[in-house]
Amino acid sequence: MRLSHAFIPTQKEIPAEAAIPSHQLMIRAGLMRQLTAGVYSFLPLGFRAILKAIQIVREEMNAIGGQEFLLPALNPESLWVQSGRRDIPNFILSIKERDLVLAPTHEEVIAQIAGMHIQSYKDLPQIWYQIQTKFRNEPRPRSGVLRGRQFIMKDSYTLDTSFENLDIGYDKHAEAYRKIFTRCGLKFFVVGAYSGAMGGTGSQEFMVESTSGEDTVVLCQKCGYAANLEVAKSSVAGVGRIAESKSPAEIHTPNVHTIDELAVFLNIEHKWLAKSLVYQHNSKPLLILMSGNDQLNEAKLGTALAGGEFRAMPAEELSKLTGADAGSIGPLGLKGFRIIADKRLEGANNLISGANRNDYHIANIDMQRDVKVDGYFDLRTVESGEACSSCGSPLKITNAIELGHIFKLGTKYSDALNVTYLDENGQSKPVVMGSYGIGIERIIACAIEQNNDKDGIVWNTALAPYPVHLTAINMNNNDIVTTADRLYKSLNEAGLDVLFDDRGNVSPGFKFKDADLLGMPVHVIVGEKGLKNNQIEVKLRRTGIRTMVPIDDLIPTVKKLLAD
RNA sequence: CGGGGUGUAGCGCAGUCCGGUUAGCGCACCUGCCUUGGGCGCAGGGGGUCGCAGGUUCGAAUCCUGUCACCCCGACCA
């Protein structure tokens, strides 16, 4: 491609709306432009990068036996009513003029096709995938393409006869994903993840560490334990019992509202304080007891409650219902509440909690004797530095971008949409499904987040829109023009895609700045300096190292550099 | 959905508090000359319903009311 005729609008200034490096650079380097919140137009250069990523994904999906589909983005609303996902909050965008919705994912359509045509165990297993545009009603799109309302996703689905066979397809995907992200040159890690309302029996996320990421993950750098904070565990001792279990006693605690204040007021360790959190679960009041300042993890709470809607009770309702304000709530004497507690409190005694009366707490609470607990669950959020539950080393907490997510779905959708097969005995059984996603734009954004410097993007060969950037330093010099034209031709003939800066009346400095901003891995520079000695300059974007090579050695040199 | 912020030329911004020439600056763009190894120089030029609607006023980018859009923090995110 000749830059003199290319549409690659670069800009010197950082766009005001972009807060993270990948977003800034994707705009500055002319890869994309925003159309509206969470929706981006990919320009030719950006689309080339997208196509590179798609091709890698496609090859690895085909390698595990995936069959590529193209499913419609327009779906009948009724299909989503049938699966029970029509009314998930902030999920589906719909069409005003018809009873159609824009598909946010494709389990439903896959199930519909499978339901029609999968009849026998002989038809299974299947791996079906597509690479297609998805639409979601994101309340707050942000961070460029990291969270959009419209995005390209590789989504695949496994159909199997059993959970054992599901594991095979799931493991194939895990392996394919490792290959995909490795080929894309990304430093990634895999974490155990929350399955949430997606349902199913297990899931893992493929993550890239980044301060721009929206997910929080827990990592053990010694043994490799890695989990999304939503499900992460650590080794924290239970509160435990002391020998003597005294009788509950009310204590006056004027103007003490927080756990920290209470600990200071009573001069006591935090762990003996049972913090009360009041929630509503399916509109019924729920008291959650945590030890000290342990933070409730709402994802874990969701798992513990096994479905239904829950939310923290607003302060007004709370005081109306209990007669006390938040900070003075406790398990004793509380009527009409279901009570659950964090595992750390199991069996503990000598605890202090609110008296359901402002300015009073109750001491010597014995969880076994005094509190009717409807279950102990792991509800606490892991904190940085806590001991790894596998090896005891301190855990690290970091932000990450989710590139891919793999789910063992089970029969949730086959049950809802009646997808069955006949087994060897002629028995009708539900098809066991798995579902697997990769965000294509996120591959590009992560690659840029991980590979940029003050001058611009640093592409690796796998994703670079063009592997070679060729610059003619001075278009008024006939030798340079002739040589650069000839090299452009021969590089193309050698199978290398070249972006050729043949612009006249553009200063060398400007061309260098643009080349660095666009960030192609190998920069070939044709200038008077080298030409005097029949040499061409080759610069590596990543290292900035320049070498002079004889003209005849150029193509093998470039090929070698790209392969490294 | 709660909190905060911003809408003025393609991009980045000033001007708005305190109403008053022809709405300015840098970059980009166009023409000519010049220059060619790190976003050249000189001269000339084009481009604006000041987000939108209504109101106040002799007069509104500026004040008032409403509304829309976008960004950031949080909530949310199968």
Side-chain angles (χ1 to χ4, degrees), chain A residues 9-20 23-24 27-28 30 33-39 80 83-92 103-108 134 136-144 146-149 151 153 155 193-200 203 205 212-216 228 230 298-299 302 307 309-312 314 402 405-407 409 412-413 416 433 435-437 439 454-456 471-477 480-481 501 503-518 523 525-532 537 539 544 546 548:
Chain A
T10 57
Q11 36 186 76
K12 195 190 301 192
E13 303 202 61
I14 296 172
E17 78 269 13
I20 65 170
H23 189 193
Q24 293 170 354
I27 290 175
R28 285 190 57 214
R33 287 293 181 270
Q34 181 172 359
L35 181 61
T36 184
V39 180
W80 291 84
S83 73
R85 292 209 283 183
R86 175 64 188 94
D87 295 321
I88 291 174
N90 303 325
F91 190 44
I92 291 180
T105 172
H106 279 83
E107 282 80 10
E108 278 78 355
K134 300 282 187 268
R136 292 193 189 176
N137 187 18
E138 286 296 343
R140 182 155 97 78
R142 72 190 93 168
S143 305
L146 286 184
R147 187 177 245 353
R149 294 208 169 111
F151 54 94
M153 181 165 149
D155 48 319
Y194 177 51
S195 297
M198 191 77 178
S203 83
E205 290 165 325
S212 306
E214 304 186 290
D215 285 274
T216 310
N228 195 303
E230 293 176 334
E298 290 206 346
E309 285 179 23
F310 61 87
R311 59 169 188 141
E402 178 190 344
H405 201 161
I406 57 180
F407 283 98
L409 281 182
K412 177 173 170 167
Y413 298 94
M433 288 178 67
S435 151
Y436 316 85
K454 64 174 174 41
D455 294 315
T471 296
I473 286 285
N474 179 358
M475 291 300 285
N476 294 325
N477 179 317
I480 292 177
V481 173
D501 194 344
R503 292 174 294 181
N505 287 318
V506 174
S507 71
F510 199 96
K511 289 187 175 185
F512 282 122
K513 288 290 185 187
D514 259 358
D516 287 343
L517 176 60
L518 297 180
H523 189 186
I525 302 156
V526 183
E528 284 169 11
K529 274 188 195 171
L531 233 41
K532 281 188 298 199
E537 184 175 345
K539 179 186 166 189
R546 302 154 181 266
M548 285 291 186

Item to check | Euclidean distance, atom CG of residue D516(A) to atom P of G39(B) [Å, nearest integer] | outcome: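 One finds 12 Å between P of G39(B) and CG of D516(A), rounded.
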
Item to check | Nucleotide G37(B), atom P - distance to CE of M475(A) in whole Å | outcome: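 After rounding, the gap between these two atoms is 15 Å.
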
Next on the checklist: Return whichever of I473(A) or L517(A) has its heavy-atom-nearest nucleotide of RNA chain B closer to the 5' end.
Outcome noted: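 Nearest-nucleotide comparison on RNA chain B picks I473(A).
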
Checklist entry - For RNA chain B, whose closest nucleotide is more 5', that of F91(A) or that of D455(A)? => result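 The 5'-side residue here is D455(A).
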
Checklist entry - Which pair of non-hydrogen atoms, one from T216(A) and one from N228(A), has the smallest distance, and what is that distance? => result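 Heavy atoms only, the tightest pair is O-OD1, 3.3 Å.
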
With heavy atoms under 4.0 Å as the rule, sort [X] into base, sugar-phosphate or nothing.
X: R311(A); result: nothing
X: K539(A); result: base
X: P104(A); result: base
X: E402(A); result: nothing

Item to check | Pairing nucleotide - U35(B), Watson-Crick or G-U, each distance under 3.5 Å | outcome: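 In the structure as shown, U35(B) has no Watson-Crick or wobble partner.
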
Next on the checklist: Using Watson-Crick or G-U wobble geometry with both distances under 3.5 Å, which nucleotide pairs with C25(B)?
Outcome noted: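 Across all strands, the one nucleotide that pairs with C25(B) is G12(B).
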
Checklist entry - Can you name the residues that form a ring-ring contact (aromatic ring centres under 6.0 Å, His included) with H23(A), not counting sequence neighbours? => result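 Expected list: Y40(A).
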
Checklist entry - Given the rule in the side chain to side chain contact (heavy atoms under 4.5 Å, CB included) test, do E537(A) and T471(A) qualify, once you have shown the distances and angles that lead to the verdict? => result CA-CA 10 Å; E537(A) 184 175 345; T471(A) 296; over 6 Å; no

Next on the checklist: Between K412(A) and M433(A), does the side chain to side chain contact (heavy atoms under 4.5 Å, CB included) criterion hold? Intermediate values first, please.
Outcome noted: CA-CA 8 Å; K412(A) 177 173 170 167; M433(A) 288 178 67; over 6 Å; no

List, with names and distances, any nitrogen or oxygen atoms from the protein found under 3.5 Å away from nitrogen or oxygen atoms belonging to nucleotides 67-74 of chain B.
unit_1, atom_1, unit_2, atom_2, d
C70(B), OP1, T36(A), OG1, 2.6
C70(B), OP1, A37(A), N, 3.1
C70(B), O3', Q34(A), NE2, 3.3
C71(B), OP1, Q34(A), NE2, 3.1
C71(B), O3', E17(A), O, 3.4
C73(B), OP2, R140(A), NH2, 2.9
C73(B), N4, R140(A), NE, 3.2

Checklist entry - Which residues satisfy the side-chain contact (heavy atoms from CB on, under 4.5 Å) test with R142(A), sequence neighbours excluded? => result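 If we apply the side-chain contact (heavy atoms from CB on, under 4.5 Å) test to R142(A), skipping adjacent residues, the hits are R140(A), R147(A), E214(A).
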
Next on the checklist: Please check: side-chain N/O of S507(A) versus main-chain N/O of F510(A), any donor-acceptor pairing under 3.5 Å?
Outcome noted: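 At least one qualifying donor-acceptor pair exists.
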
Item to check | Working for side chain to side chain contact (heavy atoms under 4.5 Å, CB included), residues R503(A) and D514(A) | outcome: CA-CA 12 Å; R503(A) 292 174 294 181; D514(A) 259 358; 3.1 Å; yes

Checklist entry - Who pairs with E108(A) by side-chain hydrogen bond (donor to acceptor under 3.5 Å, both in side chains), at least two apart in sequence or on another chain? => result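 Applying side-chain hydrogen bond (donor to acceptor under 3.5 Å, both in side chains) to E108(A) gives S83(A), R85(A).
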
Item to check | Sequence-distant partners of R28(A), side-chain hydrogen bond (donor to acceptor under 3.5 Å, both in side chains), two or more places apart | outcome: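 If we apply the side-chain hydrogen bond (donor to acceptor under 3.5 Å, both in side chains) test to R28(A), skipping adjacent residues, there are no hits.
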
Checklist outcome for this item: B/S/- along nucleotides 23-35 of chain B (protein heavy atoms under 4.0 Å) is ---B-------BB

